[in-house]
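All residue numbers in this chain count up from 1 along the given sequence.
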Amino acid sequence: MDLKGFDQPGGSAGDTRSVKVMIAGGFGTGKTTMVRSVSDIKPLTTEETLTQASVDVDHLIGVADKTQTTVSLDFGKIGINESLVLYLFGTPGQERFWFLWNGLFKGALGAIVLVDTRRLESSFRAIEEMERQEVPFVVALNVFPDSRNYPVEEIRDALDIPEHTPVVAFDARDRASSRDVLVALIHHLKERSAVALEPR
C-alpha cells in the first residue's frame with residue numbers, strides 16, 4: 001500500500017510515521033476485544049469487574065453476559081508496514097466515563113467507531129462525538145454470533161452516516177479482520193485533504 005502521504009514533514013522516505021487512532025463505540029461493542037486481537041504488543045487494558053453496585057448505572061440490555069468493563073482506556077500498537085505504526089486508544093463506553101474522551105481525542109488522526117447492529121443506539125454518542133470533534137472515522141459493524149445480517153446501506157441510513165464515510169463489517173475477535181478495518185481507515189484518511197492528515 002502506498003503510504004507516502006503519511007511521511008513526516010521534512011523527513012526522509014524511510015522514516016517511520018506514528019499515528020494515533022481512536023477505537024470508540026458504545027458499551028459492549030467490542031473495543032477492548034479489537035485492541036487485544038490486533039495489537040502487536042501485549043495491550044494495556046483498564047478493565048474492572050462489573051459489580052452489583054453498577055446495575056443501575058451500566059445498562060446491560062443486549063450484553064447481559066458481559067462481566068468486565070473498561071474504566072479508563074485500552075492501548076495497543078500495530079505496525080501496518082515498515083513505514084507506518086498505529087497507536088490504538090480504546091475509549092470507555094459507559095456514559096459515566098465519557099468525560100475522559102476529550103483528552104483521549106487530542107492528537108488523533110482518525111477513529112474507528114464500533115457498532116453492534118443489535119443495539120445501534122449504543123454507538124450514537126460516539127458518532128456524534130466524531131462529527132463534533134471533526135475526527136475522520138470509519139464505522140465498523142462488529143459481527144456477533146446472534147447478529148442479523150443487515151445490508152450496509154440500511155445501517156448507514158439508520159445511523160445517518162454520510163456517503164463519504166466507509167461502513168464495513170468485521171469480527172473484532174479476528175486479527176486479520178480487525179487489521180482490515182484499520183487499513184480501511186488509512187485509505188479513508190489518504191483520500192481526504194492534506195489538512196485532514198495533519199495532527200490536531
Basic-acidic side-chain contact under 4.0 Å: R118, D146: yes
Salt-bridge criterion met for D40 and R179 (N-O under 4.0 Å): no
Worked check of salt bridge (charged side-chain N to carboxylate O under 4.0 Å, His left out) between R125 and E128: CA-CA 5 Å; R125 165 62 196 267; E128 290 172 357; 5.5 Å; no
Stepwise side chain to side chain contact (heavy atoms under 4.5 Å, CB included) test for V113 and M130: CA-CA 9 Å; V113 176; M130 299 304 140; 3.6 Å; yes
Neighbour count above 12 (heavy atom, 6.0 Å) for N149 CG: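 It does not: N149 CG has 12 such atoms or fewer within range.
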Exceeds 12 heavy-atom contacts within 6.0 angstrom, atom CZ of R173: no
Donor on one side chain, acceptor on other, D171 and S177, under 3.5 Å: no
Has [X] got a side-chain atom pairing as donor or acceptor with [Y]'s backbone, closer than 3.5 angstrom?
X    : Y    : answer
R17  : V85  : no
T16  : S83  : no
R36  : A172 : no
S123 : L114 : yes
K31  : G26  : yes

Distance in Å, [X] [atom1] paired with [Y] [atom2], rounded so as to fall on 0.5 Å steps:
X    : Y    : atom1 : atom2 : answer
M34  : L88  : CE    : CG    : 7.0 Å
T29  : R119 : OG1   : CZ    : 7.0 Å
L86  : K20  : CG    : NZ    : 13.0 Å
F170 : N142 : CZ    : CG    : 4.5 Å
R175 : I78  : CZ    : CD1   : 4.5 Å
I155 : T117 : CD1   : OG1   : 5.5 Å

Verdict with supporting geometry, H188 and F137, side chain to side chain contact (heavy atoms under 4.5 Å, CB included): CA-CA 8 Å; H188 180 51; F137 66 98; over 6 Å; no
Please determine whether residues [X] and [Y] belong to a single hydrophobic cluster, defined as Ile, Leu, Val, Met, Phe, Trp and Tyr linked transitively by side-chain heavy-atom distances below 4.5 Å.
X    : Y    : result
V21  : I80  : yes
V168 : V35  : yes
F144 : I112 : no
L84  : I23  : yes
V143 : Y150 : no

Single hit among T33, T32, T91 for side-chain hydrogen bond (donor to acceptor under 3.5 Å, both in side chains) with D74: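 Considering T33, T32, T91, a side-chain hydrogen bond (donor to acceptor under 3.5 Å, both in side chains) with D74 is found only for T32.
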Nearest non-hydrogen partners of A111 and L185, listed with the distance: O-CD1, 3.6 Å
Least distance between heavy atoms, L109 atom then P136 atom: O-CD, 3.6 Å
